Amino acid sequence: MSATAVIELDGVLLVTIQGELTDQDAIALQHDLTTQVASVGARGVLIDISALEIVDSFLARTLHDIAGSTSLLAAETVVVGMRPEVAITLVELGLTLPGLRTALSVADGLALFGGSIAAPSEGA
Amino acid sequence: MTIVPTVREVPIRTDMDIVGVRQAVREVAVSVGFSLVDQTKVVTAASELARNTLKHGGGGTAEIELEERADSTALRLVFRDEGPGIGDVELALRDGYSSSGGLGLGLSGARRLADEFDLRTAEGEGTTVTVAFVNRDPAAR
């Protein structure tokens, strides 16, 4: 069972985290995304965490590491959809994740990669 | 004396169990009316401490307890392991100190998130970490 879904759209990997991630899932996600960035030559990675009810220090570090490893492969990672209560808790935990690019929504995140991306449905 | 019943006891043996602890803690926090922010804090602290129990203590248990107080309810989490114990408690509680290559925010972060924190450990005798989160009764405000 996979807790994440990845689709590629115009050189950007759209990653949706759909439910609880174990630590192993998080490590696998980092590996898979880094591999995919290289194999498709992605210019960006957008990770939607709006389904996540918590982000603890392990997952926060993993997101930070994903951003680091994709950056070495010339793809920028943007984390979108963090819930306000998650942001409040992360700051109290002592994690402000400097250097991690964020956006409020998937649309805002995509806009950071340049507005040339078409909607993923309604083939035309 | 207040009687503190254990609501749930969750074993911590694998990283799936960390998810199990999070879910059990959330259910109890919701059942006693914690706000969304407070639920998130208690579940996040539980996740940090469950991971410590697994990684540093070689596994153990999480007990979830509820304590009715005069004008509040306390949700208390007790993480117990029989691992090697912590030699230098002051160091282990320092932000950024990690013996496992992590961020070193598990113990110190959980302490910051919680309203009450207690750590009992001795080398060779395991570790017990207790955190409590107090939900003030809205009617008493």
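In what follows, chains carry the letters A, B, and so on, assigned in the order in which the sequence lines appear, proteins first and then strands, with residues in each chain numbered from 1. What you see is a predicted model, and the numbers here were worked out from it, not measured in a lab.
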Any donor-acceptor N/O pair, B/Asp15 side chain to A/Gln24 backbone, under 3.5 Å: yes
Chain A contact via B/Arg112 - which portion, at a heavy-atom distance below 4.5 Å: both
Would the number of heavy atoms belonging to other residues, nucleotides or ligands and lying under 6.0 Å from CD of B/Glu82 be above 12? no
Any donor and acceptor pair, going by atom type alone, linking the side chain of B/Glu48 with main-chain N or O of A/Ser57 inside 3.5 Å? yes
With a 4.5 angstrom heavy-atom cut-off, could you sort out which part of B/Ala110 is near chain A: side chain, backbone, both or neither? backbone
Taking side chain as everything from C-beta outward and backbone as N, CA, C, O, which of these in A/Leu21 sits under 4.5 Å from a heavy atom of chain B? Side chain, backbone, both or neither. backbone
List the steps, then state whether side chain to side chain contact (heavy atoms under 4.5 Å, CB included) holds for A/Thr22 with B/Ile18. CA-CA 8 Å; A/Thr22 65; B/Ile18 300 176; over 6 Å; no
In this structure, are over 12 heavy atoms from other groups packed under 6.0 Å from A/Leu104 atom CG? no
Evaluate the side chain to side chain contact (heavy atoms under 4.5 Å, CB included) criterion for residues A/Asp56 and B/Arg22: first the C-alpha distance (whole Å), next the side-chain angles of each, then the deciding distance (0.1 Å), finally the verdict. CA-CA 11 Å; A/Asp56 65 10; B/Arg22 295 202 289 248; 3.7 Å; yes
same_hphob_cluster(B/Leu49, B/Val78) at 4.5 Å side-chain heavy-atom cutoff: no
Spatial distance of atom OG1 (B/Thr44) from atom CG (A/Leu59) [nearest 0.5 Å]: 10.5 Å
Can you confirm whether A/Arg83 sits close enough to B/Leu36 that some side-chain heavy atom of one is under 4.5 Å from a side-chain heavy atom of the other? no
Ignoring hydrogens, what is the shortest heavy-atom contact between B/Ser47 and A/Ile54? Give both atom names and the distance. CB-CD1, 3.9 Å
Say whether A/Val45 and A/Leu72 are linked into one hydrophobic cluster, either directly or through other cluster members, by side-chain heavy-atom distances under 4.5 angstrom. no
Are side-chain N/O atoms of A/Glu53 and B/Thr40 paired as donor and acceptor at under 3.5 Å? no
Is there a path of hydrophobic side-chain contacts, each under 4.5 Å between heavy atoms of I, L, V, M, F, W or Y residues, that connects A/Leu90 with A/Leu52? yes
Same cluster (ILVMFWY, side-chain, under 4.5 Å), B/Val25 and B/Val134: no
Might you work through the side chain to side chain contact (heavy atoms under 4.5 Å, CB included) test for A/Asp23 and B/Lys55, ending with a clear yes or no? CA-CA 12 Å; A/Asp23 292 359; B/Lys55 289 194 175 166; 4.0 Å; yes
Please answer: with hydrophobic residues joined when any side-chain heavy atoms are less than 4.5 Å apart, are A/Val6 and A/Val40 in the same cluster? yes
Pick from B/Gln39, B/Arg26, B/Arg111: which one has the most heavy-atom pairs with chain A under 4.5 Å? B/Arg26
